[in-house]
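Worksheet: one structure, shown below.
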Amino acid sequence: MGHKKKPDREASAMSKNLLASVVAVGLLAGPMAASASPVQWTVASGGNGHWYEFVAGAVNWSTAQGLAGSYFGGTGYLVNITSAAENAFILANMPTSWEGAWTGGREDINTANLFYWDSGPEANQTVGPYTNWASGEPNNNPCCSGSGPAGEDRIQILGWSNNSSPGTWNDLAQAGTLWHMSGYIVESPVPLPAAAWLLLSGLTGFGFVARRRTAA
């Protein structure tokens, strides 16, 4: 008469832990799943190896900043544009239907028209020497409510839709009228969300343990 196999409590606990990890990864990677596919500016093509993603949504700058930080496993940030080549890459690889998108540029609260990058590798560095301001910009238009000396205190890049000079920059109030605002652009040096790497390594480890137990 055969003996009934006792439940393997250790394996059961591991299964529960794996399930919890999968759920956690899903929550962490959620923003990625809800946005367009990222594109890489490869080193082979003269780029920096970073990944870029346009995320649609007429949100103010502060909201965009917070959301950008949850992309790419928490390594994302609003894009910092430091060269003409990078600006051209963004314009060529983002959707053609957008009017304007937030970047990470913000104005010094004490000095009009002095901008710096908010986060990422260039955090707190002055915007420049490369800039691509539209004609007459930045003008700190006092019509708009912002935290800068005159009102318009953030940088947006203009897209293809309804703009005569796509790829140029405009200063805009972070919480004012969302003029020509279609979304924001996220940049990250990490190609795959850290959470996804965690999931893959967890699944690999679990499969290895399961095979050992089966063999035993």
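We use all heavy atoms of the structure for the numbers below, so side chains are in, but hydrogens, waters and symmetry mates are not.
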When you measure from the side chain of Thr111 to the backbone N and O of Asp108, does any donor-acceptor pair fall under 3.5 Å? no
Between Ala173 and Asp153 the two heavy atoms that sit nearest each other are CA-OD1, 3.5 Å
Closest contact, heavy atoms only, Asn140 versus Asn113: ND2-OD1, 3.3 Å
Answer yes or no: is there a donor N or O on one side and an acceptor on the other, between the side chain of Ser182 and the main chain of Glu99, under 3.5 Å? yes
Val127 and Leu114: same hydrophobic cluster, using ILVMFWY side-chain contacts below 4.5 Å? no
Can you measure from CG (Asn93) to CD (Gln40) and round to the nearest 0.5 angstrom? 11.0 Å
Parallel, tilted or perpendicular: rings of Tyr77 and His50 (30°, 60°): perpendicular
Closest non-hydrogen atoms of Glu53 and Met94, given as atom of the first, atom of the second and distance, are C-SD, 4.1 Å
Run the side chain to side chain contact (heavy atoms under 4.5 Å, CB included) check on Ile157 and Ile185 step by step: do they pass? CA-CA 9 Å; Ile157 180 173; Ile185 297 172; 4.0 Å; yes
For the residue pair Ser161 / Ser97, report whether a side-chain donor-acceptor contact shorter than 3.5 Å exists. no
Between Pro166 and Leu91, which heavy-atom pair has the shortest distance, and what is it? O-CD2, 3.6 Å
Between Ser62 and Gln174, what is the shortest heavy-atom contact and its length? OG-OE1, 2.9 Å
Contact between Thr103 and Asn80 at the side-chain level, heavy atoms closer than 4.5 Å - yes or no? no
Using the ring centroid of each side chain, check whether Phe115 and Trp133 are separated by less than 6.0 Å. yes
Can we call the ring centroids of Phe72 and Trp51 under 6.0 Å apart? no
Do Gln125 and Tyr116 touch side chain to side chain, with heavy atoms closer than 4.5 Å? no
Which distance, rounded to the nearest 0.5 Å, do you find between the CZ of Arg154 and the CG of Asn170? 14.0 Å
Closest non-hydrogen atom pair, Trp117 against Val79: CZ3-O, 3.8 Å
Enter the distance from Trp98:CH2 to Asn162:CG here, rounded to the nearest 0.5 Å. 12.5 Å
Measuring centre to centre across the rings, with the benzene-like ring taken for any Trp, is Phe54 within less than 6.0 Å of Tyr184? no
Begin from the C-alpha positions of Asp118 and Gln65 and carry the test side chain to side chain donor-acceptor pair (under 3.5 Å) through to its verdict. CA-CA 9 Å; Asp118 177 74; Gln65 178 197 40; 2.6 Å; yes
Is a donor from one side chain sitting under 3.5 angstrom from an acceptor on the other, for Trp169 and Asn87? yes
Before you tell me yes or no, could you show the steps for Val43 and Asn48 under side chain to side chain contact (heavy atoms under 4.5 Å, CB included), namely the whole-Å CA-CA distance, both residues' side-chain angles and the distance that decides it to 0.1 Å? CA-CA 5 Å; Val43 174; Asn48 55 16; over 6 Å; no
Assess the side chains of Glu122 and Thr82: does a donor N or O sit below 3.5 Å from an acceptor N or O? no
Nearest 0.5 Å, please: how far is CD in Glu137 from CG in Leu172? 9.5 Å
Supply the atom-to-atom distance Leu78 CG to Gln156 CD, rounded to the nearest 0.5 angstrom. 12.5 Å
Does either side chain, that of Glu86 or that of Tyr52, offer a donor lying less than 3.5 Å from an acceptor on the other one? yes
Give, for atom CG of Asp171 and atom CD1 of Ile155, the distance between the pair rounded to the nearest 0.5 Å. 8.0 Å
